[in-house]
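Numbered from 1 within each chain, the chains take letters A, B, ... in sequence-line order.
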2 protein chains.
Amino acid sequence: MNIATDTRSRIIAAAKTRFHSRSYANVGIQEICDNAGVQKGSFYHFFPSKRDLAMAVIDEFADDWANGFVAEAFDPALPPMERIDYLIDAAYFWQKSIKEVHGRMLGCIFGNLTLEVSTQDDILRAKLLAIFTQAKFRFKDALEQAVAEGTIAPLDSELTAEAMLAYLEGVILLAKSQNDPELLYRLGPAIKTLRIELKRA
Amino acid sequence: MNIATDTRSRIIAAAKTRFHSRSYANVGIQEICDNAGVQKGSFYHFFPSKRDLAMAVIDEFADDWANGFVAEAFDPALPPMERIDYLIDAAYFWQKSIKEVHGRMLGCIFGNLTLEVSTQDDILRAKLLAIFTQAKFRFKDALEQAVAEGTIAPLDSELTAEAMLAYLEGVILLAKSQNDPELLYRLGPAIKTLRIELKRA
DNA sequence: ATGATAGATGACCGTACGGTCAAGAAAATC
DNA sequence: GATTTTCTTGACCGTACGGTCATCTATCAT
């Protein structure tokens with residue numbers, strides 16, 4: 001059973017870096033197999049289709065995120081608004097280190113895939129949406145705690161959280177168009193200026 | 001010459017809708033030719049490569065924008081901050097009408113292409129970057145006029161402009177992940193809350 | 001020891017990809 | 001009217017795509 005899971009995860013590992021650094025359509029299964037040292041027939045033993053591989057890749061990236069610096073950023077021990085700063089910082093350093101290693105800014109895999117496939121594959125779109133929704137609630141929790149503490153004035157926490165997530169994705173997109181993670185450094189902190197007021201009753 | 005330019009623009013027209021509604025890699029030249037009623041050899045008479053077609057498509061979209069509702073939005077006769085409202089509105093109604101016709105939210109072609117190709121093709125990336133830069137300056141002008149008028153407090157107009165553009169792209173991305181243009185309506189207006197202060201001397 | 005199951009192999013399927021080319025038709029130039 | 005240029009045609013190139021399959025080899029429980 002161990003060898004099996006190892007093959008499977010070698011496939012996923014090979015796919016992760018490629019989907020991230022190029023695109024879904026531009027990476028072929030043959031290439032992934034070659035890189036993972038796996039036969040194509042073996043690939044289809046583990047994944048019914050390319051889309052299923054993408055699902056697994058998204059899951060792994062989401063895990064990396066949730067257990068990596070996102071967990072650190074949204075540490076309940078930190079003051080709520082500092083968590084947001086921390087997340088921006090972490091995203092900046094992550095993209096920067098990717099560029100140092102890889103020579104290019106690769107951006108956010110979830111954003112990349114969303115814009116590429118979400119008009120063509122509702123199942124992948126739903127999966128990506130779920131991840132964004134999860135991220136939104138992290139922001140929302142932080143905002144609500146900040147309001148409860150009196151650190152910030154009351155606001156529509158859910159919409160503001162969504163706006164912040166959108167802003168983060170947008171900044172990463174723009175930075176990718178410049179191939180320059182420094183844009184994250186310059187624009188990132190402004191995320192805290194975003195506010196959507198509560199609807200008047 | 002007329003027939004020739006007509007063929008060329010039929011090719012571009014067929015490519016525009018397809019690149020917008022799917023992706024660059026997912027649309028083949030054969031399909032574009034079939035739809036434009038053109039032979040493949042004829043295609044390569046007008047475009048040296050698929051990338052050159054993409055360049056032309058980007059140019060046409062940029063023209064549509066610049067001469068369409070962006071020109072209306074950034075009308076110097078409008079109060080500067082209202083121009084930004086107008087742009088958000090226009091983006092919302094545009095995406096909404098696309099969805100009504102097409103059944104899906106297609107998002108921003110420039111954002112879509114940026115995330116798909118900018119790690120793979122520096123020439124396309126440069127082209128897209130130039131369009132974002134142009135858009136940034138529209139925001140910047142509006143902001144500077146608003147500051148001059150005293151409508152808003154002084155700020156770093158260039159960085160704030162860039163932040164606003166990023167936010168717009170991010171909101172469109174998130175809306176696409178939900179296949180719901182209404183998100184633009186809910187989140188869009190918050191663009192005016194974004195602020196990046198001037199660096200202290 | 002045996003039979004079932006899980007995994008690996010590599011040839012193979014049809015189709016589509018971006019791109020090329022020689023030849024012919026149509027238009028513009030002289 | 002002849003020549004040159006622009007445009008069109010349709011067959012063709014090699015390669016890669018996602019996916020299938022029969023066969024073989026481990027691994028496992030009984």
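Taking the side chain to side chain contact (heavy atoms under 4.5 Å, CB included) definition, one finds that A36(B) meets it with R10(B), I11(B), A14(B), V38(B), sequence neighbours left out.
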Could you list all N or O pairs between the protein and nucleotides 10-15 of chain D that sit under 3.5 Å apart?
residue: dG10(D); atom: O6; partner: G41(B); partner atom: N; Å: 3.4

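Aromatic ring orientation, F19(B) versus Y24(B): tilted (interplanar angle from 30° to 60°).
Separating the CZ atom of F47(A) from the C1' atom of dT20(D) is a distance of 18 Å, rounded to the nearest angstrom. dG19(D) atom P lies 17 Å from atom CZ of F46(A), rounded to whole Å. Atom C1' of nucleotide dA6(C) and atom CZ of R8(A) are separated by 14 Å, given to the nearest angstrom. Across the protein-nucleic acid pair, I29(A) atom CD1 and dC17(D) atom P stand 9 Å apart, rounded to whole Å. Atoms CG (D6(B)) and C1' (dA27(C)) sit 16 Å apart, rounded to a whole Å.
Of the candidate nucleotides dG18(D), dA8(C), dT8(D), dA8(C) has the atom lying nearest to any side-chain atom of T7(A). Here the nucleotide nearest the side chain of Y44(A), chosen from dT20(C), dT20(D), dA8(C), is dT20(D).
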**Request:** Evaluate the criterion side chain to side chain contact (heavy atoms under 4.5 Å, CB included) for residue pair V70(A) and L87(A); output intermediate values, then yes/no.
**Result:** CA-CA 6 Å; V70(A) 170; L87(A) 183 76; 3.9 Å; yes

**Item:** D85(B) and K192(B): CA distance, side-chain angles, deciding distance, salt bridge (charged side-chain N to carboxylate O under 4.0 Å, His left out) verdict
**Value:** CA-CA 8 Å; D85(B) 284 325; K192(B) 291 199 295 186; 2.7 Å; yes

**Prompt:** Under the side-chain hydrogen bond (donor to acceptor under 3.5 Å, both in side chains) criterion, do Y92(A) and K96(A) qualify, and how do the steps go?
**Reply:** CA-CA 6 Å; Y92(A) 164 58; K96(A) 194 173 162 174; 3.1 Å; yes

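Counting only residues at least two apart or in different chains, salt bridge (charged side-chain N to carboxylate O under 4.0 Å, His left out) contacts with residues 14-27 of chain B comprise K16(B)-E60(B), K16(B)-D64(B), R18(B)-E31(B), R22(B)-E31(B).
Each of F43(B) and N26(A) was matched to the nucleotide of DNA chain D holding its nearest heavy atom; the match closer to the 5' end belongs to F43(B).
Considering only side-chain N and O atoms, H45(A) lies under 4.0 angstrom from the phosphate OP1 or OP2 of dG7(C).
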